[in-house]
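Worksheet: the structure to be examined is printed underneath.
Residue numbering restarts at 1 for every chain, and letters A, B, ... go by the order of the sequence lines.
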There are 2 protein chains.
Amino acid sequence: MASNSIKILEENGLSKTEVRKKVLNLFIDSACALSLSDIEAAFSKIDRITLYRTLKTFENKGIIHKAVDGTNHPKYAICEASCSEHKHEDDHAHFHCLSCGKTVCFEHVPNPAIPELLNGYVVEEATLILSGTCKECLVQKKSRISITETLE
Amino acid sequence: MASNSIKILEENGLSKTEVRKKVLNLFIDSACALSLSDIEAAFSKIDRITLYRTLKTFENKGIIHKAVDGTNHPKYAICEASCSEHKHEDDHAHFHCLSCGKTVCFEHVPNPAIPELLNGYVVEEATLILSGTCKECLVQKKSRISITETLE
DNA sequence: GAGTTTTTTGCAACAGTATTGCATTATAAA
DNA sequence: TTTATAATGCAATACTGTTGCAAAAAACTC
Ligand SMILES: [Mn+2]
Ligand SMILES: [Mn+2]
Ligand SMILES: [Zn+2]
Ligand SMILES: [Zn+2]
């Protein structure tokens, strides 16, 4: 559905350029959060600098949000419908797979509630990162084990 | 106490070089987590590459641990006594000040407990990042407000 | 649809971050 | 003190992220 991305761009008052449509569709179709390199690899023709600016534009508009995953490389994922310009509502945990490196949104796991004042510090935000082995990698591990067992 | 760092190096079977003593003392004396640039700025003579390798060595030995703070720049802080080679015990939250950029360990705030299996994913670790305004920045803000009020 | 205005894009240049190989130097062991 | 071992600093390289500017594309006006 190419019209999906066009609708989002229109709703946010953004001009419907090829780059924006392509990048936004990639986010819509992607099951996991994407780094700049991921997007760059998907569209070899698009300039890196344009991608940086596109991501910033989308983030400001509440179309995508940053997913902090403990790596030093920011990842981005499509926002929930309730997000808008300068007011993100994506207050959920992110899962980072140590096996394949993929990061996914855990919309059903809210970030923990923390007292506003803690040890004399004003806490404005709490971010939860989960890491371990993702569904897909688990399946691969299991089938590898069963192969090993068969060979023995 | 310069002997403090020497003792730690000896206990971990590391040769007592000038770089290691200096960097380790900096960590011991520092109230907050340090980035590579912070350390580089403290000792202009020491080569960046040596610092990268020193940090990696210390981390592997359980002398320092990485403090994930949501920025894209890893920070490091001295470990709790219980940490050892390849077995870190620093399971606490980190606070990142949005005003001054400093990151501190919150040893008294444990990372949240999360079920090992969540949504079909195996969770091995949970990391909590808190962000807001630190003690020191709060004091500055308050005094700035009182000055403004006096001028009115 | 053609022409005009405005915005977006891609390139150049640059600063910062991170890694590896290797010769030199410092430390530890003999 | 001499020898063996390990750490350091430099060169080279790759990757990440930012800004200014001219060309191209999109939006707007008629
Ligand atoms: Mn998310
Ligand atoms: Mn810590
Ligand atoms: Zn995985
Ligand atoms: Zn602060």
For B:Ser15 and D:dT5, is the shortest distance between a side-chain N/O and OP1 or OP2 below 4.0 Å? no
5′-ward residue of the pair B:Tyr52/B:Glu18 relative to DNA chain C: B:Tyr52
Is it the case that the side chains of [Y] and [X] hold a donor-acceptor pair, with the cut-off being a distance below 3.5 Å and no angle test?
{"X": "B:Ser131", "Y": "A:Glu124", "answer": "no"}
{"X": "A:Asn72", "Y": "B:His73", "answer": "no"}
{"X": "B:His96", "Y": "B:His94", "answer": "no"}
{"X": "B:Asn25", "Y": "B:Ser5", "answer": "yes"}

Between A:His92 and A:His65, how do the two ring planes meet: parallel, tilted or perpendicular, split at 30° and 60°?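 A:His92 vs A:His65 ring planes: perpendicular.
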The side chain of B:Val19 is closest to which nucleotide in this list: D:dT8, D:dC21, D:dG17?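 That would be D:dT8.
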Quickly, which of B:Lys21, B:Lys22, B:Arg20 forms a salt bridge (charged side-chain N to carboxylate O under 4.0 Å, His left out) with B:Glu18? Name it, please. B:Lys21
Gap between atoms [atom1] and [atom2], on [X] and [N] respectively (whole Å):
{"X": "B:Lys22", "N": "D:dG9", "atom1": "NZ", "atom2": "C1'", "result": "14 Å"}
{"X": "B:Lys21", "N": "D:dA6", "atom1": "NZ", "atom2": "C1'", "result": "15 Å"}
{"X": "A:Lys56", "N": "D:dT19", "atom1": "NZ", "atom2": "P", "result": "8 Å"}

Pairwise 5' ranking along DNA chain D for B:Arg53 and B:Asn72, keeping only the more 5' one: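 It is B:Arg53, whose closest nucleotide lies nearer the 5' terminus.
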With a 6.0 Å cut-off on the ring centroids, do A:Tyr76 and A:Phe58 count as close?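 Not under 6.0 Å, so no.
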Below 4.0 angstrom, which residues in residues 35-51 of chain B have at least one non-hydrogen atom near DNA chain D?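 B:Ile46, B:Asp47, B:Ile49, B:Thr50, in order of number.
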What are the bounds, 5' to 3', of the part of DNA chain C that sits under 4.0 Å from heavy atoms of chain A?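 Nucleotide range in contact with chain A: C:dT8 to C:dA12.
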ILVMFWY cluster membership beyond B:Leu138 - transitive side-chain contacts under 4.5 angstrom: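 B:Leu138 shares its hydrophobic cluster with A:Leu117, A:Val122.
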